[in-house]
Amino acid sequence: MKHDIHDLASGILLAAIGLFVALYAAGHYDIGSLRRMGPGFFPAILGGVLAVLGLMIALPAWARAGHRGRIAWKEAGAVLAAILVFAAGLEPVGLVPVTLASVLIASIAAPDRRVGWRLALALGITVLSVVVFHFGLKMTVPLWPGQA
């Protein structure tokens with residue numbers, strides 16, 4: 001019997017990450033008690049919840065027949081490239097240009113080829129990012145090149 005390998009692998013990965021986080025938090029931080037929670041309490045609980053959710057995905061997938069799906073390499077590459085551009089360009093280039101570029105790169109794989117909606121999406125997400133991170137959260141990220 002073939003298993004639903006996609007859900008099985010995803011569930012096992014989530015469970016492993018959750019277990020790692022829970023054990024790391026319990027081993028490196030004070031858990032405390034329910035009345036006086038320590039700094040490790042919340043990460044340990046979240047890690048445990050993630051591990052349980054991962055098992056809830058993986059166990060039914062073991063008994064379920066899966067289907068062979070194709071890997072969307074173009075889409076995955078575009079999203080990965082956008083993440084790398086954002087990570088590498090945030091400090092030297094600034095939030096506004098790097099967000100515009102990242103959204104445009106990520107939208108390369110979209111089935112809709114029109115440029116107008118891509119530009120509107122990039123502008124909208126950039127404005128939202130500036131409002132949330134610069135004005136709302138008061139993060140000290142540069143908005144433009146050369147700002148500190």
Side-chain angles (χ1 to χ4, degrees), residues 4-61 66-67 69-148:
D4 187 354
I5 194 70
H6 298 291
D7 282 355
L8 184 62
S10 300
I12 290 172
L13 183 63
L14 286 174
I17 291 171
L19 187 62
F20 172 78
V21 168
L23 292 175
Y24 186 87
H28 289 80
Y29 301 108
D30 180 32
I31 298 294
S33 66
L34 285 175
R35 292 186 142 243
R36 294 189 60 95
M37 295 176 199
F41 188 85
F42 192 63
I45 294 296
L46 285 181
V49 168
L50 183 61
V52 168
L53 289 174
L55 288 175
M56 289 174 62
I57 292 169
L59 291 176
H67 65 292
R70 72 169 192 89
I71 298 175
W73 291 108
K74 179 182 169 187
E75 292 83 354
V79 171
L80 181 61
I83 293 169
L84 292 175
V85 164
F86 188 86
L90 183 59
E91 285 293 323
V93 179
L95 182 65
V96 173
V98 81
T99 303
L100 282 167
S102 296
V103 173
L104 290 173
I105 291 169
S107 71
I108 287 172
D112 191 349
R113 294 283 173 220
R114 293 176 296 164
V115 175
W117 79 268
R118 293 172 195 255
L119 292 174
L121 179 67
L123 286 172
I125 290 177
T126 301
V127 168
L128 182 65
S129 296
V130 169
V131 167
V132 168
F133 296 113
H134 185 73
F135 295 112
L137 297 175
K138 306 271 191 247
M139 291 181 71
T140 56
V141 293
L143 294 180
W144 300 100
Q147 286 185 334

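Predicted, not measured: the structure shown is a model, and the values here were computed from it.
For the residue pair Asp7 and Ala61, the shortest heavy atom distance occurs at CB-CB, 3.6 Å. Annotation for Ala25 and Pro43: closest pair CB-CB, 3.8 Å, computed over non-hydrogen atoms.
Taking CD1 of Ile12 as the start and CG of Leu14 as the end, the distance is 10.5 Å to the nearest 0.5 Å. Atom OG1 in Thr126 sits 9.0 Å away from atom CG in Leu121 (nearest 0.5 Å). Residue Met37 holds its CE atom at 12.5 Å from CG of Asp30, rounded to the nearest 0.5 Å.
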Using distance only, find each side-chain donor-acceptor pair of residues 95-112 under 3.5 Å and give its atom names and separation, not counting sequence neighbours.
| unit_1 | atom_1 | unit_2 | atom_2 | d |
| --- | --- | --- | --- | --- |
| Thr99 | OG1 | Leu95 | O | 2.6 |
| Ser102 | OG | Ala82 | O | 3.3 |
| Ser102 | OG | Val98 | O | 2.8 |
| Ser107 | OG | Val103 | O | 3.4 |
| Ser107 | OG | Leu104 | O | 2.9 |
| Ser107 | OG | Arg118 | NH1 | 3.3 |
| Asp112 | OD1 | Arg114 | N | 3.2 |
| Asp112 | OD1 | Arg114 | NE | 3.0 |
| Asp112 | OD2 | Arg114 | NE | 3.2 |
| Asp112 | OD2 | Arg114 | NH2 | 2.5 |
| Asp112 | OD2 | Trp117 | NE1 | 3.4 |

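Applying the ring-ring contact (aromatic ring centres under 6.0 Å, His included) rule to Phe133 yields no partners; only residues at least two apart in sequence or on another chain are considered.
Atom CZ of Arg113 sits in a crowded spot, with more than 12 heavy atoms from other residues, nucleotides or ligands closer than 6.0 Å. With a 6.0 Å radius and a threshold of 12 heavy atoms from other residues, nucleotides or ligands, Tyr29 has its OH atom at or below the threshold.
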- Task: Determine, step by step, whether Ile17 and Leu50 satisfy the side chain to side chain contact (heavy atoms under 4.5 Å, CB included) criterion, reporting the C-alpha distance in whole Å, the side-chain angles of both residues, the deciding distance to 0.1 Å, and the verdict.
- Result: CA-CA 8 Å; Ile17 291 171; Leu50 183 61; 4.0 Å; yes

